[in-house]
Amino acid sequence: MTHLPSTAHHPIRFTLNGKSVEGEAEPRMLLTDFLRQSIGATGTHVGCEHGVCGACTIEIDGMLGRACLTLAVQIDGCDLRTVEGLAPAMDRLGILQAAFQRNHALQCGFCTAGILISLDHFLRRHPSPNESEIRDVLSGHLCRCTGYTPIIKAALEAAEELANQ
């Protein structure tokens, strides 16, 4: 019996933050590794590699997903949104990002990318959240630095600002 080597590369075409991207990945390459190492999108962080910490949270076809639990080959033809896609321009923060900055809602920043994606996803669907709903969104994320209070404050502030646009 002949076994094929597992190092064959598969072509992948997808949209990343509104731009068409092409690349190649080995069959077992994780999406986190592909984003960071193969195409240089380093905003998505690798935390626990078990889908528990939330650091690698991204949007895949409009749904939240954990990039550490997704194989790169699975995103062929998909539309991805990462933390790099939240800012309206390279030199300008988005509303949620600016609220994080004003409220000191990040310290080491490791968890921030996943939290921002989850909160942005939620706020686009629920523009007038209460604290309990924000806490529920954050329950899928581990932050060891902030104690969550500044994150909640920033999310509520951003929601108010978005509602007044």
Side-chain angles (χ1 to χ4, degrees), residues 11-25 29-49 53-127 129 134 137-138 140-146 148-165:
I12 303 169
R13 291 187 178 105
F14 61 101
T15 303
L16 177 64
N17 301 319
K19 296 179 182 170
S20 294
V21 177
E22 293 184 23
E24 290 186 348
M29 183 178 221
L30 295 175
L31 181 54
T32 48
D33 296 331
F34 179 75
L35 289 171
R36 294 180 62 79
Q37 298 167 11
S38 298
I39 61 171
T42 58
T44 302
H45 292 164
V46 183
C48 66
E49 295 186 282
C53 75
C56 69
T57 303
I58 62 171
E59 278 189 17
I60 304 171
D61 288 338
M63 302 292 293
L64 292 178
R66 302 288 205 234
C68 76
L69 298 178
T70 305
L71 297 174
V73 295
Q74 291 177 286
I75 59 136
D76 189 39
C78 292
D79 182 22
L80 272 61
R81 189 163 184 246
T82 65
V83 70
E84 290 95 341
L86 295 181
M90 288 294 289
D91 61 343
R92 219 170 83 225
L93 296 176
I95 290 173
L96 184 59
Q97 293 167 310
F100 264 57
Q101 184 180 45
R102 284 190 304 274
N103 288 279
H104 307 287
L106 57 101
Q107 288 179 18
C108 81
F110 199 80
C111 65
T112 307
I115 289 174
L116 284 168
I117 285 290
S118 290
L119 286 172
D120 179 78
H121 179 86
F122 179 77
L123 292 176
R124 283 186 279 122
R125 287 154 181 77
H126 303 91
I134 297 295
V137 171
L138 294 176
H141 295 273
L142 298 176
C143 176
R144 300 183 194 278
C145 299
T146 68
Y148 300 97
T149 300
I151 295 172
I152 294 165
K153 185 177 176 188
L156 292 170
E157 183 181 296
E160 187 175 325
E161 188 174 340
L162 288 165
N164 291 329
Q165 279 190 332

- Item | Minimum-distance pair of heavy atoms, taken over all atoms of Leu96 and Ala155 | CD1-CA, 4.2 Å
- Query: Hey, is the main chain of Glu157 close enough, under 3.5 Å, to the side chain of Glu160 for a donor-acceptor pair?
  - Reply: no
- Can you measure from NE2 (His45) to OG1 (Thr32) and round to the nearest 0.5 angstrom? 11.5 Å
- Can you find a pair of side-chain heavy atoms, one from Leu31 and one from Ile75, that are under 4.5 Å apart? yes
- Query: Roughly how far apart are Asp120 CG and Arg125 CZ, rounded to 0.5 Å?
  - Reply: 8.5 Å
- Message: Can you give me the closest heavy-atom contact between Ala113 and Gly43, atom names plus distance?
- Response: CB-O, 3.2 Å
- Nearest heavy atoms of Cys56 and Cys68, plus distance in Å: SG-N, 3.3 Å
- Between CD1 on residue Ile151 and SG on residue Cys143, distance to nearest 0.5 Å: 4.0 Å
- Message: With a sphere of 6.0 Å drawn around CD of Gln101, does it hold more than 12 non-hydrogen atoms of other residues, nucleotides or ligands?
- Response: no
- Query: Hey, mind stepping through Phe34 and Ile12 against side-chain contact (heavy atoms from CB on, under 4.5 Å) and telling me if it holds?
  - Reply: CA-CA 10 Å; Phe34 179 75; Ile12 303 169; 4.2 Å; yes
- Message: What's the separation between atom CD1 in Ile95 and atom CG in Leu123, rounded to the nearest 0.5 Å?
- Response: 10.0 Å
- Residues passing the salt bridge (Lys or Arg N to Asp or Glu O under 4.0 Å) test with Asp33, sequence neighbours excluded, are none
- Query: Taking it one step at a time, do Leu162 and Gln165 satisfy side-chain contact (heavy atoms from CB on, under 4.5 Å)?
  - Reply: CA-CA 5 Å; Leu162 288 165; Gln165 279 190 332; 3.9 Å; yes
- Message: Could you check whether any side-chain N or O of Tyr148 sits under 3.5 Å from a backbone N or O of Leu138, counting only pairs where one atom can act as donor and the other as acceptor?
- Response: no
- Task: State, with a plain yes or no, whether a side-chain heavy atom of Leu64 is found less than 4.5 Å away from one of Ser118.
- Result: yes
- Does Ser38 reach the side chain of Met29, with side-chain heavy atoms less than 4.5 Å apart? yes
- Query: Can you find a heavy atom in the side chain of Leu116 that is under 4.5 Å from one in the side chain of Gln97?
  - Reply: yes
- Item | Contact list for residues 83-94, test side-chain hydrogen bond (donor to acceptor under 3.5 Å, both in side chains), sequence neighbours left out | Thr82-Glu84
- Item | Closest non-hydrogen atom pair between Cys145 and Gln107, with its separation | O-OE1, 3.2 Å
- Query: Going by heavy atoms in the side chains, are Phe100 and Ile115 under 4.5 Å from each other?
  - Reply: yes
- Item | Non-hydrogen side-chain atoms of Leu86 and Arg81 separated by less than 4.5 Å | yes
- Task: Heavy atoms only: give me the nearest Thr146-Ala105 pair and the separation to one decimal.
- Result: CG2-O, 3.7 Å
- Message: Tell me whether Asp76 contacts the main-chain N or O of Arg13 through its side chain, where contact means a donor paired with an acceptor under 3.5 Å.
- Response: yes
- Item | Non-hydrogen side-chain atoms of Asp79 and Ile60 separated by less than 4.5 Å | no
- Message: Can you tell me how far apart CD1 (Ile117) and CG (Leu119) are? Round to the nearest 0.5 Å.
- Response: 10.0 Å
- Item | Spacing of CD1 belonging to Ile134 relative to CD1 belonging to Ile152, to within rounding of 0.5 Å | 8.0 Å
- Query: What heavy-atom pair brings Ala159 and Pro129 nearest, and what distance separates the two atoms?
  - Reply: CB-CD, 3.5 Å
- Message: Whether the side chain of His141 engages the backbone of Gly54 through a donor-acceptor N/O pair (distance < 3.5 Å, no angle test) should be reported.
- Response: yes
- Task: Without swapping roles, check the side chain of Arg36 against the backbone of Thr42 for a donor-acceptor pair under 3.5 Å.
- Result: yes
- Just by distance, do the side chain of Asn103 and the backbone of Lys153 share a donor-acceptor pair under 3.5 Å? no
- Query: Partners of Thr57 by side-chain hydrogen bond (donor to acceptor under 3.5 Å, both in side chains), sequence neighbours excluded?
  - Reply: Arg66
- Side-chain contact test, heavy atoms from C-beta onward, threshold under 4.5 Å: evaluate it for Phe110 versus Thr112 and give yes or no. no
